[in-house]
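Given the structure is predicted, the values throughout are model-derived calculations rather than measurements.
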Amino acid sequence: MTQLTTSQIWQQIKNNTQSLPHMRELFAQNPQRFEQMSLSECGLMLDYSKNRVDADTLSLLFKLAEQANLSDKISAMFNGNKINNTEQRAVLHTALRAPATTSINLDGNNIVDEVQQTLSKMAEFVEQVQSGAWLGYTGKSITDIVSIGIGGSFLGPKIVTQALRPYWSKQLNCHFVANVDATSICEKLKGLNAETTLFVMSSKSFGTQETLTNTLSAKDWFINQGGSQQDIAKHFVAVTSNVAKATEFGMDANNIFPMWDWVGGRYSLWSAIGLPIALLIGMDNFKALLAGAYDMDKHFASAPLAQNMPVIMGMLSVLYGNFHNAQSHVILTYDHYLRGLPAYFQQLDMESNGKSVTLNGTDVDYSTGPVIWGGEGTNGQHAYHQLLHQGTALIPADFIMPIQSHNPLGEHHNQLASNCFGQTQALMQGRTYEEALSELANTSLPDEQKQLIAKHKVMEGNKPSNTLLMDKLTPTTLGALIALYEHRTFVQGAIWDINSFDQWGVELGKVLGNDVLERIGAASDANELDASSNALINLFRSGKI
Ligand SMILES: O=P(O)(O)OC[C@H]1O[C@](O)(CO)[C@@H](O)[C@@H]1O
């Protein structure tokens, strides 16, 4: 047994959760519940009153956080301690959004200076492309950006540009290629003009198979369309922490934007990995995104645990995963621009907290990261919400919605909001058998049928949700929102005493993938692997089933 699960507080939380009444009752008992269980910070309002907690639960959860030395761990991250202990790396994505006047020393260097230099290089480049001064090989301005990258070098730029569509420069369009499946790049390149297309190749390691292969194919396409080898510098730029490898690959040294090993891939959109975002929304808006995140950083680093938004959300997630056996967590964005956010949070959380040993290598005896999934409201209501309401699994939900729409049109936004709030209410209160029966009272059905249907209409309720509102989706509020989830992920990892910043499971897949690739191209059939793998490779080599 680990120290965590044998601790007295762990047991106390267990007891508390078993003795709590239904949320309906908690609301009935305490008319101040919303006031007491909501807070506004950094342009975001969090209502966490529809959770299976009372004041005692919360105080126990904060005690658990204290027991796990959460505050010290937060400081260690912000101070640049090498908390990624398996890779001996600092975790300093927060330095990417720190003001220019800040000083953060890492191995004797003030890294804020390097960050600011890169931001200036980005600003110069963005200005040239947006103004039309950056010319392609036939003297035409750029119209299309194709971003090539995968994982953290894809999801952040993609989801943020999608979310900030109202802020796009009118002259530019953006496309993302991640998958090594040729269909992805072929479909994206159809209809593009090589003379006016700029490729941004993003790879922290500059060693990711998908990204290298897609970049080579993009180069071939560019040459086939009429560009020459010398023209490549006008159409290809790279973002990487491996500048030497990028130069070796043929990237023009002036076109390489640096990042650093102290920025994890899934935390990197704030670095030059965010270049596609900056190209689309402009540097001022990109800086507003950083400012929103910085605001959340300040809040996270300084607010007491009980008034700390990421801490509250992280501890609630610990509560459900470890004390209510919740295996997944759903993110429901009631805003079309935020439709990609669940996928982004999925990588952020699952790649960070999908771990089974503690920092010192002890096996955990509690659940770590849940499955993160979700989608856009109201679409999900007509698909998977049924399972949220009446399925057997407990699935805590986050509802996210801006109060003002970028596209105010008739009754649309009122209806959207009513669905969002109505869902949280239905999840919380449910419907009792008596209520279901009385709803059927005026029908002509025989009593037996009424009773049967009423049974099927019962919704247990007591299903937890958070609601996050913002005035409007802007670069600043989006920055704060994403940083909130980054820190929420950190909080959970800190309680579970795991390393949220490595990803060895993913690395094994990459190594085995390369081995299989060699066998696919080998002179003779595969026979050294397990029977299934050999057979699959050999069928593929034969070109048919
Ligand atoms: O930016 P790179 O080095 O190409 O890596 C891409 C992605 O691969 C991963 O290592 C694993 O998929 C992610 O963490 C990372 O964001």
Side-chain angles (χ1 to χ4, degrees), residues 2-4 68 73 76-77 80-93 106 149-156 178-180 202-213 240-242 245 259-269 271 273 314 317-318 321-322 327-329 343-373 485-519 529-530 532-533:
T2 55
Q3 275 184 0
L4 185 62
K73 289 179 179 174
M77 175 173 73
N81 293 12
K82 299 203 168 158
I83 59 170
N84 176 353
N85 68 334
T86 59
E87 296 177 298
Q88 276 305 303
R89 287 180 184 165
V91 174
L92 276 169
H93 45 280
L106 188 65
I150 198 161
S153 300
F154 155 66
L155 281 162
N179 195 341
V180 76
S202 303
S203 177
K204 178 181 166 185
S205 60
F206 217 91
T208 304
Q209 184 198 55
E210 292 92 329
T211 304
L212 293 174
T213 303
T240 187
S241 68
N242 199 337
K245 224 168 160 189
M259 63 176 297
W260 306 274
D261 72 359
W262 41 264
V263 184
R266 52 194 173 272
Y267 299 86
S268 65
L269 74 89
S271 71
I273 291 286
S317 185
V318 168
N322 296 139
Q327 306 279 308
S328 84
H329 184 102
Y344 178 78
F345 291 157
Q346 185 174 67
Q347 187 207 11
L348 172 65
D349 206 90
M350 292 173 73
E351 202 168 47
S352 296
N353 286 341
K355 307 289 162 63
S356 310
V357 294
T358 64
L359 284 165
N360 70 14
T362 309
D363 288 344
V364 297
D365 57 355
Y366 40 84
S367 308
T368 58
V371 174
I372 304 285
W373 61 286
Y485 276 83
E486 286 179 346
H487 297 325
R488 170 190 177 276
T489 300
F490 176 88
V491 168
Q492 295 168 76
I495 303 303
W496 293 325
D497 194 30
I498 57 179
N499 183 350
S500 300
F501 300 102
D502 57 10
Q503 57 284 318
W504 297 106
V506 174
E507 307 303 335
L508 173 66
K510 288 186 189 174
V511 173
L512 292 188
N514 283 332
D515 175 63
V516 169
L517 186 61
E518 272 180 31
R519 289 172 199 274
L529 306 179
D530 61 88
S532 162
S533 304

Working for side-chain contact (heavy atoms from CB on, under 4.5 Å), residues Glu210 and Asn179: CA-CA 6 Å; Glu210 292 92 329; Asn179 195 341; 5.6 Å; no
Evaluation steps, side-chain hydrogen bond (donor to acceptor under 3.5 Å, both in side chains), between Asp261 and Ser241: CA-CA 7 Å; Asp261 72 359; Ser241 68; over 6 Å; no
[atom1] of [X] to [atom2] of [Y]: how many Å apart, nearest 0.5 Å?
{"X": "Ser317", "Y": "Gln492", "atom1": "OG", "atom2": "CD", "result": "3.5 Å"}
{"X": "Ile372", "Y": "Tyr344", "atom1": "CD1", "atom2": "OH", "result": "13.0 Å"}
{"X": "Lys204", "Y": "Arg266", "atom1": "NZ", "atom2": "CZ", "result": "9.0 Å"}
{"X": "Thr358", "Y": "Gln3", "atom1": "OG1", "atom2": "CD", "result": "9.5 Å"}
{"X": "Phe501", "Y": "Lys82", "atom1": "CZ", "atom2": "NZ", "result": "15.5 Å"}
{"X": "Gln209", "Y": "Leu517", "atom1": "CD", "atom2": "CG", "result": "6.0 Å"}

Among residues at least two apart in sequence or on other chains, which ones pass side-chain hydrogen bond (donor to acceptor under 3.5 Å, both in side chains) with [X]?
{"X": "Asn81", "answer": "none"}
{"X": "Arg89", "answer": "none"}
{"X": "Lys245", "answer": "none"}
{"X": "Asn322", "answer": "Trp496"}

Should [X] and [Y] count as side-chain neighbours, where that means a heavy-atom distance under 4.5 Å?
{"X": "His329", "Y": "Pro370", "value": "yes"}
{"X": "Trp260", "Y": "Leu92", "value": "no"}
{"X": "Met77", "Y": "His487", "value": "yes"}
{"X": "Trp262", "Y": "Asn84", "value": "no"}

Where is the tightest heavy-atom contact between [X] and [Y], given as atom of each residue plus distance?
{"X": "Ile273", "Y": "Gly152", "result": "CG2-O, 3.9 Å"}
{"X": "Ala68", "Y": "Ile495", "result": "CB-CD1, 3.9 Å"}
{"X": "Glu87", "Y": "Trp504", "result": "CG-CZ2, 3.8 Å"}
{"X": "Ile150", "Y": "Thr208", "result": "CG2-CG2, 3.6 Å"}
{"X": "Ser205", "Y": "Asn242", "result": "O-ND2, 3.4 Å"}
{"X": "Ser153", "Y": "Ser203", "result": "OG-CA, 4.1 Å"}

Distance alone, cut at 3.5 Å: any donor-acceptor contact between the side chains of [X] and [Y]?
{"X": "Asn353", "Y": "Thr368", "answer": "no"}
{"X": "Asp349", "Y": "Thr489", "answer": "yes"}
{"X": "Asn85", "Y": "Asn499", "answer": "yes"}
{"X": "Thr362", "Y": "Asn360", "answer": "yes"}
{"X": "Asp530", "Y": "Ser533", "answer": "yes"}

Parallel, tilted or perpendicular: ring planes of Tyr485 versus Phe345, cut at 30 and 60 degrees: parallel
Donor-acceptor contact below 3.5 Å, side chain Lys73 vs main chain Gly493: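 No; zero donor-acceptor contacts below 3.5 Å.
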Derivation and outcome, side-chain contact (heavy atoms from CB on, under 4.5 Å), residues Gln503 and Met350: CA-CA 10 Å; Gln503 57 284 318; Met350 292 173 73; over 6 Å; no
From CA spacing to verdict: side-chain contact (heavy atoms from CB on, under 4.5 Å), Met259, Ser268: CA-CA 9 Å; Met259 63 176 297; Ser268 65; 3.8 Å; yes
Residue list, side-chain contact (heavy atoms from CB on, under 4.5 Å) with Asp365, at least two apart or on another chain: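 With neighbours one apart ignored, the set is Met1, Thr2, Thr5.
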Contacts of Phe154 that satisfy ring pair (Phe, Tyr, Trp, His ring centres under 6.0 Å) - sequence neighbours left out: none
Stepwise side-chain contact (heavy atoms from CB on, under 4.5 Å) check, Asn514 with Glu518: CA-CA 6 Å; Asn514 283 332; Glu518 272 180 31; 5.8 Å; no
